[in-house]
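Hydrogens, waters and symmetry mates play no part in the numbers below; they use all other heavy atoms, side chains included. Being a predicted model, the structure only gives us computed values, none of them experimental.
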Amino acid sequence: MQATGTSHQALQAIWKTVRAIPRGQVSSYGTVAKRAGLPGRARLVGYALKIAPSGLPWHRVVAAGGRITFPKTSRQFAEQRKRLRAEGVELTGGRVVSEASISLDELLWKRP
DNA sequence: TCGCTGACGCATT
DNA sequence: GAATGCGCCAGCG
């Protein structure tokens, strides 16, 4: 790892943002990307999560609208749903209830 | 160096 | 509601 310096910073920014997500709350890739200073690079967030270190609350990151991107048959789908429910996040099928994903832009990232 | 791929987002059909 | 296409651009072979 060396040339990854530039993006490495972006990855850390993404991880930092993900860690900043309060328990019982979820955020979307696009929101995280934007908050990490990478607007429009939601895919980078996906990559960041893929290579994310253990301990990162990746399960708090869902697709736009609070939808889970994984197929229902996926093991991660079940795990993410399980973890979210364990934190008090309500889920309906493969989607997070609006209350949890409520205006992320308003509840979360409220910068004074 | 070039080209494909991709934990996505959004518009459209 | 589900499927498809296009865009954004950083990794990786």
Side-chain angles (χ1 to χ4, degrees):
Chain A
M1 297 165 78
Q2 27 157 333
T4 48
T6 310
S7 48
H8 204 303
Q9 199 150 58
L11 293 179
Q12 287 192 30
I14 292 171
W15 295 336
K16 183 178 176 182
T17 304
V18 173
R19 282 193 230 264
I21 301 174
R23 184 175 172 283
Q25 195 48 264
V26 295
S27 190
S28 64
Y29 292 92
T31 305
V32 171
K34 197 175 297 186
R35 276 277 58 184
L38 307 164
R41 264 146 289 204
R43 300 177 104 152
L44 265 296
V45 177
Y47 177 76
L49 292 182
K50 191 168 72 169
I51 66 174
S54 48
L56 194 102
W58 59 269
H59 55 274
R60 289 178 192 157
V61 182
V62 294
R67 295 196 312 280
I68 295 180
T69 56
F70 307 110
K72 296 183 205 178
T73 54
S74 177
R75 195 195 112 66
Q76 297 219 293
F77 176 87
E79 188 168 326
Q80 183 167 31
R81 186 171 62 175
K82 182 172 158 189
R83 289 194 182 202
L84 289 176
R85 293 189 82 177
E87 295 189 349
V89 177
E90 296 180 69
L91 296 164
T92 306
R95 169 128 43 170
V96 176
V97 174
S98 320
E99 282 185 45
S101 61
I102 203 167
S103 317
L104 299 162
D105 28 71
E106 288 188 31
L107 270 188
L108 292 192
W109 326 126
K110 234 191 330 197
R111 314 228 312 178

Checklist entry - What is the distance from atom CG of A:Leu91 to atom NZ of A:Lys82, rounded to the nearest 0.5 Å? => result 13.5 Å
Item to check | Ionic contact status for A:Arg83 with A:Glu87, cut-off 4.0 Å | outcome: no
Give each protein N/O atom lying under 3.5 Å from an N/O atom of nucleotides 1-6 of chain C, with the pair distance.
none

Item to check | Test item: side-chain donor near acceptor, A:His59 and A:Gln76, under 3.5 Å | outcome: no
Checklist outcome for this item: So CZ of A:Arg81 and CZ of A:Arg95: to nearest 0.5 Å the spacing works out to 14.5 Å
Item to check | Distance in Å, A:Gln9 CD paired with A:Gln12 CD, rounded so as to fall on 0.5 Å steps | outcome: 7.0 Å
Next on the checklist: For the CG atom of A:Leu44 and the OH atom of A:Tyr29, what is their distance to the nearest 0.5 Å?
Outcome noted: 13.0 Å
Next on the checklist: With a sphere of 6.0 Å drawn around CZ of A:Arg85, does it hold more than 12 non-hydrogen atoms of other residues, nucleotides or ligands?
Outcome noted: no
Checklist entry - How does protein contact run along nucleotides 6-13 of chain B, one letter per nucleotide 5' to 3', with B for base contact, S for sugar-phosphate only, - for none, heavy atoms under 4.0 Å? => result BBBSS---
